[in-house]
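Quick note: numbers below take in every heavy atom, side chains included, and nothing from hydrogens, waters or symmetry partners. The first residue of the sequence shown is numbered 1, and numbering continues consecutively from there. In this text, all values refer to a predicted model and were calculated from it rather than measured experimentally.
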Amino acid sequence: KTPTGPFNPFYGCAIFVIIVLFGIGVVTWVIYSGYAQDKAISEFAVENATPLPSPDVTDEQKTAVQAKLKTFGEAIAANQPTELTLNTAEMNTLLVLSAESEIADYRGIVKFTGMDSGTQTLLADLCWPINPMPFTDRPKRYIVGQGSFKPVIQNAGLDLVVEGLTVPGKTVNAG
């Protein structure tokens, strides 16, 4: 096709400038939001914390929880309706079993303290490590307080979603 009008480089330059400004805006927003989040975390996190004491669990407690899990798993595998009920001591035993099975080690980080039947949440003491922002010399920080977690089945597994977080003497933003 033959052009019918005169050549004007303005359109190409305008599009290029818009793309560059959009890219700069996205990068600026990502960096700013990371630093804003880091600043908000600084208001309630501490730089030094003593890990929570690991639960004292006997071999009998481990065996009992493993038996419950096995029975539950067999029922699920057979597509039978089932229920898994664990008390606070058994939840802490589950933390030890998880670490020993090399699934995840939350000893010293989480210790379950109870359950709230009204909100259907698990309550726990926390000493949760937070990695510093990349490219900063800030040390690792910790959230030391209490949390509430709602058990949710998603992605073909059980997840504990944080419902609430309190740090004594400090305000934690909802976000």
Side-chain angles (χ1 to χ4, degrees), residues 29-57 61-62 64-77 79-134 136 138-175:
W29 177 76
V30 167
I31 291 171
Y32 170 75
S33 63
Y35 280 106
Q37 182 181 22
D38 186 64
K39 182 180 177 190
I41 289 171
S42 294
E43 294 177 8
F44 59 85
V46 296
E47 290 185 4
N48 295 312
T50 304
L52 297 172
S54 292
D56 293 326
V57 177
Q61 289 171 309
K62 290 180 190 178
V65 170
Q66 287 171 330
K68 277 187 169 185
L69 293 173
K70 182 179 179 188
T71 303
F72 180 74
E74 289 170 350
I76 292 293
N79 283 333
Q80 296 176 347
T82 187
E83 184 176 287
L84 178 63
T85 304
L86 300 172
N87 61 31
T88 304
E90 291 169 327
M91 290 293 297
N92 286 316
T93 301
L94 196 57
L95 289 175
V96 172
L97 289 173
S98 175
E100 290 176 355
S101 301
E102 297 182 2
I103 296 171
D105 191 355
Y106 290 104
R107 295 174 297 183
I109 298 172
V110 176
K111 184 175 181 188
F112 291 103
T113 58
M115 300 172 199
D116 184 348
S117 61
T119 59
Q120 296 184 341
T121 57
L122 302 170
L123 307 175
D125 289 337
L126 302 172
C127 183
W128 200 273
I130 301 173
N131 291 327
M133 286 261 315
T136 66
R138 183 183 296 267
K140 184 178 278 195
R141 295 170 291 171
Y142 298 86
I143 297 174
V144 180
Q146 294 78 35
S148 59
F149 302 89
K150 187 156 190 101
V152 176
I153 296 177
Q154 60 186 19
N155 302 326
L158 177 67
D159 286 334
L160 297 179
V161 177
V162 177
E163 285 287 310
L165 178 65
T166 58
V167 175
K170 300 186 180 184
T171 303
V172 180
N173 294 336

Could you list all the side chain to side chain donor-acceptor pair (under 3.5 Å) pairs where at least one residue sits in residues 101-110, not counting sequence neighbours? Asp105-Arg107
Can you tell if the side chain of Ile109 reaches within under 4.5 Å of the side chain of Pro51, non-hydrogen atoms only? no
Which distance, rounded to the nearest 0.5 Å, do you find between the CD of Gln66 and the OG1 of Thr93? 10.0 Å
Given the options Asn48, Val46, Leu52, Leu126, Val144 meets side chain to side chain contact (heavy atoms under 4.5 Å, CB included) only with Val46
Using a strict threshold of under 4.0 Å (side-chain N to carboxylate O), is an ion pair present between Glu43 and Lys170? no
So, for Pro151 and Leu160, which heavy atoms are closest and what is the spacing to 0.1 Å? CA-CD2, 3.8 Å
For the backbone of Gly164 and the side chain of Ser148, can you confirm whether one donor and one acceptor N or O come within less than 3.5 Å of each other? yes
Quick one: are Met91 and Met115 in side-chain contact, heavy atoms under 4.5 Å? yes
Do any N or O atoms from the side chain of Asp125 and from the backbone of Lys111 form a donor-acceptor pair under 3.5 angstrom? no
Would you mind checking if Asp159 and Lys150 are paired as a salt bridge, meaning a charged N to carboxylate O distance below 4.0 Å? no
Check whether any side-chain heavy atom of Val96 lies under 4.5 Å from a side-chain heavy atom of Ser54, and answer yes or no. no
Nearest 0.5 angstrom please: Trp128 CH2 to Leu165 CG, how far? 10.5 Å
At what distance, to the nearest 0.5 angstrom, does NZ of Lys140 lie from CG of Asn131? 5.0 Å
Okay, side chain of Ser98, backbone of Leu94: is any donor-acceptor separation there less than 3.5 Å? no
Candidate pair Phe149 and Val161, rule side chain to side chain contact (heavy atoms under 4.5 Å, CB included), full reasoning: CA-CA 5 Å; Phe149 302 89; Val161 177; over 6 Å; no
Would you call Lys62 and Glu100 a salt bridge, using N to O less than 4.0 angstrom? yes
Enter the distance from Phe44:CZ to Arg141:CZ here, rounded to the nearest 0.5 Å. 8.5 Å
Given Leu69 and Leu84, is the side chain to side chain contact (heavy atoms under 4.5 Å, CB included) satisfied, shown in steps? CA-CA 8 Å; Leu69 293 173; Leu84 178 63; 3.9 Å; yes
Are the side chain of Glu90 and the backbone of Asn87 linked by a donor-acceptor contact shorter than 3.5 Å? yes
Quick one: closest heavy-atom pair of Thr88 and Phe112, and the distance? CG2-O, 3.3 Å
Straight-line distance of Ile76 CD1 to Glu74 CD, nearest 0.5 Å: 11.5 Å
Name all residues meeting the salt bridge (charged side-chain N to carboxylate O under 4.0 Å, His left out) criterion together with Asp116; count only those two or more places apart in sequence or in a different chain, and write none if there are none. none
So, for Pro168 and Gly145, which heavy atoms are closest and what is the spacing to 0.1 Å? CD-CA, 4.0 Å
Rounded distance (nearest 0.5 Å) linking atom CG of Asn92 with atom OG1 of Thr113: 8.5 Å
